[in-house]
Structures are given as C-alpha cells and as structure tokens.
Amino acid sequence: MSSGGKSASRPVVRDDVLLGQIESLASVGLDSGGGRTRLALSESEKEGRDLVAQWMEDAGLEVRTDRIGNLFGILRGADGGLGNALMIGSHIDTVIHAGPYDGCYGVLSGLAVLRAFREAGAVPPRPLVVAAFTNEEGVRFQPDMLGSLVAVGGMPLGEALDITDEKGCTVGEALAAIGCSGGEDPGFLLPAEYLELHVEQGPRLDAEKKRIGVVEGVQGISWWRITIEGKANHAGTTPTNLRHDAGYASAQVSVFLRELSLSAGTTLATVGTIDFEPGAVNVIPSKAVFTVDLRDPDGAKLTEAEKRLAAFLEKTALEEGVRILSEHLVRFEPVVFDRELVQAVEETAASKGLSSMRLVSGAGHDAQMMARVCRTAMIFVPSAGGISHSPEEHTSGEDLAAGVEVLLDVVLRVLGF
Ligand code: HGY
Ligand code: MN
Ligand code: MN
C-alpha cells in the first residue's frame, strides 16, 4: 500500500486498545443504577470528552471543537485540506442508567480506524475525521441529535444555545460551565461521506443470528411535552363525577397511545417521563406533565399518529374538564441512506464471511442528521436480547471487533485503498 511517499502497511485495528478504551469510557459517570449517566454537557460528560480528546491527541490527530461542542479528531490527507473528508462519528453522552456501548462504540471505533492509519503510516488521499457530537440523546436538552443538527445547518447556533434544561440552564451556559465551547463555526467540517458504527439497540440481529446490520435508513421521530391542568381536591371527600383529575387524564393518554401502536402496526409510542403536582398521596393531581415519543418508518403514518393524539387530547380535555397544552419538541423525518454506501457495507460484510441483514434503525442517530448533507450509511452489530438504554446493554467482544473490521474495510474501499 503506498501513500505519502514511503510504503505503508495496511491499517490494522488493535482490538485490545479499542475494547480497553470502551471499558475506560464506560467507567466515567457510573451511577447507583448499575449503569452510567453522562447527560449532555454535564461534569461527567466533560470527563468523558477530556478522555476522548486525549486519546485523539495520543493517536496524533488534530483535535478541533466547534461552538456547539462537537469534538473532532482529524487525520489530514495527502491533499492537506479539510474538504471532501470521510467522517466516522457518533456520541458519548448517555441516557440515564445507560449501557457501555450506545454511541461510545462508534466514536472509539472511528478513533481506532484513524489510529490504524497513523500506525501504518498510511496517508489517506483526503481527510479522515472522527466526530463526537453534542447532545445526541436529547435527555437533558431537546431536540436530540442537537450537535449534528446544528452542524448540518438544521438549527441556527443561537437558537440551540438558548435551549434550556428542566432547571433553566441553557446549552450555552452548560457549554461555558464545562469549557467545551470551541472556536470553530458549526459546519466548518462537512464531509463527503459519513459512516456510523452502532450497536443495534433492538432485537433483530440477535434473534436472526446475524453478525452485521446493513442499515438502510432511520425511522421518523416525534417528541411532545404534554401539560394537563386539572383541579387539586381532597382524595377522600371528592366524588368521582366532580373530579378534574390530571393524573387520571394522563393515564388515559398512556392507554390510548398503547392502543394506537397496536392498531397502527409500525408506530411506536412511549411515555418516558411524568410528573404530578402537588404529588401527595391524598390529593387529586392538579397537574400532570409528561413526554410522548412517537416513531414510525413512514412519515405519513407518523403524522397520522400525531393527529390522532391531538384529537384524543381534545376529547379527554372535554370529558375530564381539564386544560391540555401540548408542546412539539422534535420532529425528524425518516431518512434513507446512500444506496452505494449501503451496498458497500453489505458486500464488505459478505467478503469477510459475516452474515448480515438489511434493516431500518428504530433508534435515532447523528447519521439521521448527516444524511441531509452527505452520503451516509450505518453499520450495526447485535445487542444481546435487543436491550439498550439500560445497564444490561451488552455486545460480545467478537461482535464489537467484527463491526470495526467492517468499518475499516468500508473506509479503505471508499478511499480507494
Ligand atoms: O432517541 C433515540 O432514538 C436516540 O437514542 N437518541
Ligand atoms: Mn446512540
Ligand atoms: Mn441512545
């Protein structure tokens, strides 16, 4: 393999280093629930960012950060510029009580591929970049995939910096507090291709005993915050027919959403957070605030689900005599990945004797944003039992190693090595 003058050897990923770094990063932000919690722009995520930035430097990469906190490790190509890059990315922020692989596997695998090029003395014809995007999970700040959304121009930087968490802290304040706001304008480095390696987080590969997921796209996402205002009253003296019970109304919405999913087939609905006020055992709740997460691979069906939810909220408000406000937090359309890149993933898996299957991602990913501006594809490896967003998330070392091998070979193929 020749590149940059002297002959270079073929890049080889050192699995032990990759698995060791996954383990080290997984130990940052350990929580009482047996997992780790590194919410976006928190002190624990800052610790993780510093670790990854150090590993990028140790690998001899140029480390740059943009003003929404997206972190980049850059291996310049023979052309010396930043244009026409091939980027490998994901995220290192987590949900609450998260597993060790969601996002981190993709970032550290990208770092492993760039390190393999450096150690082989292989100079790519154009820049190779590894990215860790800000606030992919969207648990602390909504929308999710915020860093990649801003990077691709999907949201103005100023608007993103003003987004507040439930304590009223803005993204801008949080970035300043951990010193992670960089000097680059978001979008300073938009690639020609984007690849993301990720654990499936669902049951398909594991159930069908396939080693590699050839991801054809990502389903649509719609998040809502619903506020129901009823009337506090005494739990022991208020007859049922005189109640305006925000708690009961919210429960009806939950049941409706389950029935909507079962009847609609591909639509998924989740009430992931709920708070009652005043929150006392003997007081009828005057207020319920909860979130709804709707997903469907078909944008039209997602819109249909949104309409059915709105109609049900109106009906419930009338019947229970409560006031219902709904705030639309996120709407990301389904995306279809680049046919040729998807084909390259499938052919690469086959060339390595790895069984594979095509599927659409149920989870959102930064790739869903990058697909707006460049050729994009994802590679999945199995999640044991389909579990994720849980401390029980697990993927075997063999599967983790197989995934990064496919990633490396796809990179070599795309770069024409
Ligand atoms: O919500 C999602 O699908 C992703 O984990 N952010
Ligand atoms: Mn993820
Ligand atoms: Mn996730």
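Start at 1 and go down the list; that is how both ligands and their atoms are numbered.
- Between Asp409 and Arg413 there is no salt bridge, since no side-chain nitrogen of the basic residue lies less than 4.0 Å from a carboxylate oxygen of the acidic one.
- Taking a cut-off of 2.8 Å, the protein N, O or S atoms nearer than that to the Mn ion (ligand 3) are Asp102 OD2, Glu137 OE1, Glu137 OE2, His389 NE2.
- His91 pairs with exactly one of Asp144, Asp102, Asp366, Asn135 by the side chain to side chain donor-acceptor pair (under 3.5 Å) rule, that one being Asp102.
- Judged by distance alone, with hydrogens and angles left aside, the side-chain atoms of Thr134 form a donor-acceptor pair with the main-chain N or O of Ile68 at under 3.5 Å.
- In His198, the N, O or S atom that comes nearest to the Mn ion (ligand 2) is NE2.
- Residues with a heavy atom under 4.0 Å from ligand 1: Glu136, Glu137, Asp144, Trp223, Arg295, Ala363, Gly364, His389.
- Side-chain N or O atoms of Thr37 include one that pairs as donor or acceptor with a backbone N or O of His97 at under 3.5 Å.
- In this structure, Glu333 pairs ionically with Arg331, as a charged nitrogen and a carboxylate oxygen lie closer than 4.0 Å.
- Within the 4.5 Å cutoff, the side chain of Arg211 has heavy atoms near those of the Ser355 side chain.
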>> Evaluate His365 against Phe380 for ring-ring contact (aromatic ring centres under 6.0 Å, His included), listing each step before the verdict.
In response: CA-CA 12 Å; His365 298 286; Phe380 278 172; 5.8 Å; yes
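- With no hydrogens or angles considered, no side-chain donor-acceptor pair links Ser383 and Gln201 at under 3.5 Å.
- Using modelled atom types, one finds a donor on one side chain and an acceptor on the other under 3.5 Å when comparing Gln54 with Asp58.
- A donor-acceptor pair under 3.5 Å links the side-chain atoms of Glu393 to the main chain of Tyr101, judged by distance alone.
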